[in-house]
Amino acid sequence: MSAQPLAQPLAEAAASVASPAHPLAQQLGHPLAASAASLVQSVDWLAVAPPLIAAVVALGVLVADLFLPESRKNVLGWISVAGLAAAALMLLPLLDGDRATFCLTGNGTGTGAGPGSVTGAPRACSYTADHFTLVIQLLVLGGALLAALLSITTLDDDRRRVPSGEFWFLLLSATAGAALLPAARDLATLIVALEVASLPAFALVGIRHGDRRSAEAALKFFLSSVTATAVSLMGVSFVYASTGTLYLTQVAQRLPDTPGQLHTLAQTGVVLTLIGFAFKTAAVPFHFWVPDTYVGAPLPVAAYLSVVGKAVGFSGLILVTVVAFPSYADVWGPALAVLAALTMTVGNVGALRQQATRARSAVRLLAWSSVGQAGYLLVPIAAAGYAKDAQKAIGSTVAYALMYAAVNLGAFAVAAVVGRGRAGNRISDYRGLYATNPVTALLMAFFLLCLAGLPPGIIGLFAKVTVFSAAVGAGLGWLAVVMAVNVVIALFYYLRWTALLFRAPEGETVRHRIPAPLTAAIALAGVAGAALSGAPQLVLRFAATGLF
């Protein structure tokens with residue numbers, strides 16, 4: 001017997017009962033009508049386009065890998081680059097205003113109340129493409145694009161040990177999760193996006209076949225990340241048990257009114273959630289995986305983790321602190337201030353201790369430097385717990401992150417150039433680089449000076465000033481002093497490396513041949529750094545206007 005004759009009467013009966021005119025619906029105050037309306041979701045495909053394109057291209061690359069002969073596998077890299085560029089271009093139509101989808105109320109665009117909503121209550125949506133989301137997605141997609149250009153050359157050089165199809169699928173999948181995370185506005189979506197961004201990264205670190213160092217790095221990265229996820233999930237479950245909701249805006253509204261018997265549970269949930277995200281940001285003492293992971297991973301993967309991985313952790317931390325837990329600012333503000341001081345100090349001291357003749361000391365120094373830079377990025381988030389205008393403080397973190405992403409990826413790109421001729425990739429291998437590759441040496445010096453905050457790296461100087469002013473403005477004078485001391489420590493090892501570039505080379509000079517994809521990556525990073533130094537207001541305005 002066909003089910004179609006039965007389906008139509010049942011649908012008509014359900015619609016009749018759900019109608020406001022039905023006596024039962026009137027008696028119950030229209031709950032069925034409200035429920036029926038809330039079940040109908042219209043997806044804003046334009047809003048979700050950036051992460052969606054990355055995910056679709058990832059699946060396309062995985063399928064195409066099955067049919068392409070080995071000699072044509074390099075096509076997959078260019079398809080991935082094109083997909084990331086298309087995803088980044090889809091940010092342009094979203095600049096006209098905030099968009100939201102997968103909402104409990106309204107139709108998914110703009111603001112306003114919907115069926116069953118409370119007048120004046122915060123909008124509850126799972127995905128929001130606001131100013132903050134677009135800026136972080138630009139950082140993620142742009143960083144992934146530069147890492148992809150680096151990867152094309154690396155895969156050509158190491159094709160036997162790195163499978164192309166799997167590599168590009170994992171890189172695009174991780175990027176899709178990283179692009180989704182800043183748009184997540186409920187705790188469940190936030191955790192899922194975090195794992196989609198993290199799980200492929202484990203495999204990327206250990207993807208090089210037969211490399212013991214790579215496998216060890218992947219295992220250490222996996223164990224630390226799984227621990228962070230477990231802690232975060234426990235914290236989220238406690239918060240949900242205390243508030244009865246997963247939406248960030250509703251959590252912020254209900255946390256201050258938590259019943260007395262659930263107050264301890266709510267506090268524990270907030271603390272555990274913050275600890276989990278501290279792991280993701282590589283904050284001290286949760287930083288131990290960074291140096292070995294960066295050294296063991298393929299160089300483009302290390303570059304990706306240093307920028308995109310860091311953006312994932314910090315955007316998630318911003319969302320749970322400023323958006324979901326503002327009522328607990330007296331808890332996370334001091335905690336993040338202490339973590340910022342410890343992180344920048346340990347990171348810079350670790351970088352300072354690197355020996356120039358040690359194997360892979362260049363990548364190891366960049367790894368420790370990234371830990372120190374994470375400390376600077378934590379300062380404005382900590383200041384948001386004290387400042388009256390938390391959005392302005394968060395803008396300082398995003399401005400600094402944009403500067404750091406451009407110049408740090410450029411430094412990794414130059415490291416990839418030197419690593420092609422010197423497998424050890426020691427800091428001493430950079431001696432005399434100006435004599436053999438003058439343009440590359442000048443760009444490397446520019447990137448290092450930006451990270452140090454010295455002219456001509458104007459954007460690095462201004463970004464540090466905005467972070468410093470955020471700490472002072474929030475009354476964290478002691479943290480500003482710690483940051484000033486660490487900036488001086490960082491000057492020593494950045495300037496020492498920069499000076500080495502222009503010294504007379506020892507022994508036989510090695511001229512580094514630079515493939516086209518690698519040249520494009522260095523050029524893009526250089527142009528971005530120069531543009532930001534010439535017009536720093538492009539990113540520094542975030543520190544003055546806020547993002548949410």
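By convention here, the first residue in the shown sequence is residue 1.
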Open item on the list: Checking Tyr304 against Ser151 for the side chain to side chain contact (heavy atoms under 4.5 Å, CB included) test, could you report, in this order, the C-alpha distance in whole Å, the side-chain angles of both residues, the deciding distance, and whether it holds?
Closed with: CA-CA 10 Å; Tyr304 175 88; Ser151 302; over 6 Å; no
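For Tyr493, the OH atom is densely surrounded, since the number of other residues' heavy atoms within 6.0 Å is greater than 12. Other residues, nucleotides and ligands contribute over 12 non-hydrogen atoms within 6.0 Å of the CD atom of Glu166.
No side-chain donor-acceptor contact under 3.5 Å links Ser361 to the backbone of Thr357. The closest donor-acceptor contact from the side chain of Thr343 to the backbone of Ala374 lies at 3.5 Å or more, if one exists at all. Under the 3.5 Å distance criterion, the side-chain polar atoms of Lys73 are matched with a main-chain donor or acceptor of Asp65. Between the side chain of Thr133 and the backbone N or O of Pro182, at least one donor-acceptor pair lies under 3.5 Å. A donor-acceptor pair under 3.5 Å links the side-chain atoms of Asp429 to the main chain of Arg426, judged by distance alone. The backbone N or O of Arg360 lies less than 3.5 Å from no partner atom in the side chain of Asn425, so there is not a single donor-acceptor pair. Within the 3.5 Å criterion, the main-chain N or O of Leu433 finds a donor-acceptor partner in the side chain of Thr436.
Taking every heavy atom of both residues into account, Gly526 and Phe446 meet most closely at O-CE2, 4.3 Å. Closest of all the heavy-atom pairs between Ala197 and Ala201 is O-CB, 3.9 Å.
Between Tyr494 and Ser369, the side chains place a donor N or O and an acceptor N or O closer than 3.5 Å (distance only, hydrogens not considered). Counting only N and O atoms by type, the side chains of Ser232 and Lys280 include no donor and acceptor under 3.5 Å apart.
With sequence neighbours left out, the salt bridge (Lys or Arg N to Asp or Glu O under 4.0 Å) criterion links Arg431 to Glu506.
Using cut-offs of 30° and 60° for the angle between ring planes, the Tyr434 and Phe502 rings count as tilted.
A salt bridge links Arg364 with Asp292; the closest basic N to acidic carboxylate O contact falls under 4.0 Å.
Residue pairs meeting the side chain to side chain donor-acceptor pair (under 3.5 Å) criterion with at least one partner in residues 402-412, sequence neighbours excluded, are Ser306-Asn408, Tyr404-Asn408.
Going from atom OG of Ser214 over to atom NE2 of His209 covers 9.5 Å, rounded to the nearest 0.5 Å. Distance check: Ser533 OG to Met403 CE gives 9.0 Å after rounding to the nearest 0.5 Å.
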